Each structure stands twice: as C-alpha cells, then as structure tokens.
Amino acid sequence: MCGRYTLLADELEILQEFGIDQPVENYHPSYNIAPGQDVLAVIHDGNEKRAGYLRWGLVPSWAEDERIGYKMINARSETAHKKPSFKQLMSRKRCLIVADSFYEWMKTEEGKQPKRIQLKDRGLFAFAGLWDKWNHDGKTLFTCTILTKEANPFMQEIHHRMPIILPKEKEDDWIKPEKMPPNEAGEFLESLHDEDFTAYDVANYVNTAKNNDEQCIKPIA
DNA sequence: CCAGACGTTGTT
DNA sequence: GTCTGG
DNA sequence: CCAGACGTTGTT
DNA sequence: GTCTGG
C-alpha cells in the first residue's frame with residue numbers, strides 16, 4: 001500500500017516534468033509526507049493542467065464527518081470502479097499525486113523495518129489518485145486518495161500491496177478531462193506496465209511523522 | 001419501498 | 001449521492 | 001503509514 | 001482494541 005512518501009524535487013523541475021505553466025502556490029518539499037497532510041497533485045480542470053495541494057485522505061462529498069478521511073488514504077484499484085465511494089470519482093475526478101520515493105514497512109522477526117523505495121532512475125513520478133470536494137457547515141475541503149494494487153515481484157518481498165505509479169507516457173491519459181466510464185478507468189489501470197524499483201533500509205526515525213529532514217532518507221547498514 | 005452503509009490495511 | 005440488504 | 005491517546009467530575 | 005493526529 002502506500003502510507004508515507006517523499007517529494008524533494010525543486011518546484012521548477014516539477015513544473016517542467018509535468019508540463020505545468022503556473023507556479024505552485026506555497027510549494028514545500030518534504031522528507032516525510034503523511035496522511036492528513038496537504039499533498040501536491042496535478043489535475044486537468046478542463047482548460048489546463050494545474051498543480052496544487054489536496055488533503056490526503058478522501059472525504060466523500062456525502063460524508064457528515066471529515067474524520068472519515070483517516071480511513072480513506074488508499075483505494076483498491078481492483079474494485080474502485082464499483083464502490084459507491086469511488087465510482088463517480090473514477091469517472092471524473094482522477095489526479096496525479098507527485099512524489100519521488102515512498103516508504104513501506106517490512107515485517108521481520110525483529111519488528112518492522114522501514115524501507116525507502118525509488119524508481120530505478122531515482123526520478124520524479126506520479127501516483128494514480130482520485131480526488132473530491134467536500135462542503136459541510138460552511139467548510140470546504142479538497143481531498144484525495146492513492147490507488148493501490150497487488151504488489152509486483154520486486155515489491156512482494158517487502159509488502160503484498162503497492163501504490164499504482166503511472167508510466168510517464170500514461171500520466172496525461174489518466175487525467176484527461178473527458179469523462180470515462182468507471183470500468184474503463186479500472187481497465188486503464190489494469191493495463192499499465194510495472195516500473196523498475198530500487199529500495200534500501202532507513203531508520204525508525206521516519207516512523208514519527210513530524211520528523212522531516214535528511215535523516216528520514218539516510219541509508220542504514 | 002426505506003434504512004443504513006459507504007473504506008483500507010492486516011490479522012485471525 | 002448511490003448502492004445493498006431487508 | 002506510525003505514534004499516542006483513549007474519561008469524568010470538580011476544583012484551582 | 002480503536003480512533004485521531006501528524
């Protein structure tokens with residue numbers, strides 16, 4: 001699955017990589033991005049591609065209580081196209097969530113070992129995401145969730161689920177502004193090829209979400 | 001029809 | 001809002 | 001994801 | 001054990 005990640009790249013690199021014209025309002029890199037925080041996402045508003053912040057943890061438009069978002073940080077791609085909470089979003093609220101590595105905790109006999117996973121080229125990438133707008137009692141939230149799938153052979157060694165990462169050439173297809181039947185969006189995700197990853201152990205320092213400096217990504221022996 | 005859930009992960 | 005169960 | 005709290009009454 | 005906050 002995916003419950004913690006990094007985005008360390010310069011703003012300019014992100015704008016170039018994703019073909020965004022306008023600067024990001026309040027861009028801030030992070031060594032330790034956690035659920036409940038604002039995360040950098042790219043959407044197509046029908047007119048142009050835009051990058052901005054969404055709160056991680058989907059709060060569906062019908063929710064009474066925004067705290068439901070703590071349970072909605074991921075969506076299973078195998079079933080999202082038929083779940084009441086995600087079906088409509090698969091059709092029209094698809095987004096890219098910008099990252100350059102993510103953390104997974106591998107269970108061992110000694111406990112949980114956090115690992116940092118990057119693409120083999122160590123470059124920027126995008127998680128496939130869904131977003132929604134929530135209005136309640138005069139409060140408005142824009143929130144998102146990361147789609148997951150069964151782990152590929154590399155990731156299986158670490159964990160049995162993994163986030164969906166879009167191949168660069170498929171990113172624009174995922175956020176194209178046209179409506180897509182929900183099952184078609186599901187089939188699109190199934191059709192993606194796997195990326196090549198590399199991983200290394202990091203210290204438990206990363207476990208505490210308020211820790212946010214280079215120690216989070218420092219390799220340990 | 002109305003009422004009530006709507007989600008993921010992991011663990012058992 | 002939409003879907004499922006009764 | 002992990003870490004840390006989780007409760008009330010009454011008094012200061 | 002379960003929920004909330006980071």
Side-chain angles (χ1 to χ4, degrees), chain A residues 1-7 28-40 53-93 97 99-118 127-136 139-141 143-151 155-165 179 181-183 185-186 189 199 201-213 215-217 220:
Chain A
M1 63 170 308
C2 184
R4 218 69 85 73
Y5 68 95
T6 73
L7 179 57
H28 47 92
S30 176
Y31 289 93
N32 204 349
I33 300 169
Q37 297 178 1
D38 289 335
V39 300
L40 187 66
Y53 283 93
L54 301 172
R55 195 168 84 177
W56 185 10
L58 192 92
V59 180
S61 55
W62 45 261
E64 288 290 327
D65 188 338
E66 65 184 82
R67 289 175 300 191
I68 194 175
Y70 287 113
K71 298 173 185 170
M72 309 273 266
I73 67 169
N74 293 127
R76 292 179 69 92
S77 62
E78 298 91 335
T79 52
H81 63 281
K82 41 187 187 186
K83 296 281 186 180
S85 293
F86 302 131
K87 188 176 180 177
Q88 303 306 318
L89 310 182
M90 288 286 275
S91 184
R92 7 177 357 173
K93 299 277 184 69
I97 296 169
D100 40 33
S101 74
F102 61 99
Y103 301 105
E104 291 284 0
W105 280 259
M106 184 167 102
K107 278 203 172 159
T108 69
E109 287 170 9
E110 292 79 39
K112 287 183 206 167
Q113 173 59 55
K115 290 174 178 286
R116 182 184 186 210
I117 295 122
Q118 294 171 286
F127 297 120
L130 301 172
W131 67 277
D132 205 355
K133 179 182 178 177
W134 179 81
N135 263 305
H136 207 258
K139 187 172 183 182
T140 301
L141 290 176
T143 64
C144 65
T145 189
I146 294 175
L147 287 150
T148 64
K149 64 176 179 181
E150 188 75 12
M155 288 301 302
Q156 198 78 50
E157 301 293 316
I158 301 172
H159 203 74
H160 72 109
R161 302 287 298 170
M162 66 181 282
I164 296 188
I165 291 170
K179 263 198 230 177
N183 64 315
L189 293 175
D201 291 0
V202 294
N204 286 331
Y205 183 79
V206 76
N207 291 14
T208 298
K210 68 182 178 194
N211 288 340
N212 193 337
D213 57 58
Q215 286 187 66
C216 292
I217 62 167
I220 59 170

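Since the model is a prediction, treat every value here as computed from it, not as a measurement. Residue numbers begin at 1 in each chain, while the letters A, B, ... track the order of the sequences. These values consider heavy atoms only, across backbone and side chains, with no hydrogens, waters or symmetry-generated copies.
- Taking atom CD of E104(A) as the reference point, atom P of dT9(B) lies 10 Å away to the nearest angstrom.
- Looking at residues two or more places apart in sequence or on another chain, you find a salt bridge (Lys or Arg N to Asp or Glu O under 4.0 Å) between E66(A) and R55(A), K139(A).
- Of the possible donor and acceptor atoms, none in the side chain of S77(A) sits under 3.5 Å from a partner among the backbone N and O of L147(A).
- Within the 3.5 Å criterion, the main-chain N or O of P60(A) finds no donor-acceptor partner in the side chain of D132(A).
- dC3(C) and dT8(B) have their P atoms separated by 16 Å, given to the nearest Å.
- Under 4.0 angstrom from either OP1 or OP2 of dT9(B) there lies at least one side-chain N or O belonging to T148(A).
- Nucleotides dG6(E) and dA3(B) place their C1' atoms 36 Å apart, quoted to the nearest Å.
- Between the side chain of Q113(A) and the main chain of A203(A), no donor-acceptor pair closer than 3.5 Å is present.
- Among the heavy atoms of the strands, none lies under 4.0 Å from Y103(A).
- For the P atom pair drawn from dC1(B) and dT9(D), the interatomic distance equals 45 Å after rounding to whole Å.
- One side chain, T140(A) or N135(A), offers a donor N or O that lies under 3.5 Å from an acceptor on the other.
- Only the P atoms considered, dG4(D) is 31 Å distant from dC6(B), to the nearest whole Å.
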Donor-acceptor contacts under 3.5 Å from residues 80-89 of chain A side chains, at least two apart:
none

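- Here the side chain of T145(A) pairs a donor or acceptor atom with the backbone of M72(A) at under 3.5 angstrom.
- Consecutive Watson-Crick or G-U pairs involving DNA chain B, each under 3.5 Å on both distances, make up stems of three or more pairs at B:1-6 with C:1-6.
- Between N135(A) atom CG and dG1(C) atom C1' the separation is 14 Å, expressed in whole Å.
- S101(A) and R116(A) make their closest contact through OG-NE, 2.8 Å (heavy atoms, listed as atom of the first residue, atom of the second, distance).
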Identify each atom pair where a protein N or O and an N or O of nucleotides 2-6 of chain E are less than 3.5 Å apart, giving names and distance.
residue : atom : partner : partner atom : Å
dT4(E)  : OP1  : R67(A)  : NE           : 3.4
dT4(E)  : OP1  : R67(A)  : NH1          : 3.4
dG6(E)  : N7   : P35(A)  : O            : 3.2
dG6(E)  : O6   : P35(A)  : O            : 3.0
dG6(E)  : N2   : R4(A)   : NH2          : 3.1

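- Taking the centre of each ring, F127(A) and W56(A) stay at or above the 6.0 Å mark.
- I158(A) and A199(A) make their closest contact through CD1-CB, 4.1 Å (heavy atoms, listed as atom of the first residue, atom of the second, distance).
- We find that CH2 of W134(A) is positioned 15 Å from P of dG1(C), with the value rounded to whole Å.
- Judged as a ring-ring contact (aromatic ring centres under 6.0 Å, His included), and not counting sequence neighbours, Y103(A) has no contacts.
- Contact annotation for A75(A): backbone-only contact, meaning every heavy-atom pair under 4.0 Å involves sugar-phosphate atoms and none involves a base.
- Across the P atoms, dG10(D) and dT2(E) are found 32 Å apart, a figure rounded to whole Å.
- Scanning all heavy atoms of the two residues, the minimum distance from R4(A) to V206(A) falls at NH1-O, 3.0 Å.
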What nitrogen or oxygen pairs link the protein and nucleotides 1-6 of chain B at under 3.5 Å?
residue : atom : partner : partner atom : Å
dC6(B)  : O3'  : S85(A)  : OG           : 3.0

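- Counting non-hydrogen atoms under 4.0 angstrom, K87(A) reaches the backbone sugars and phosphates but no base.
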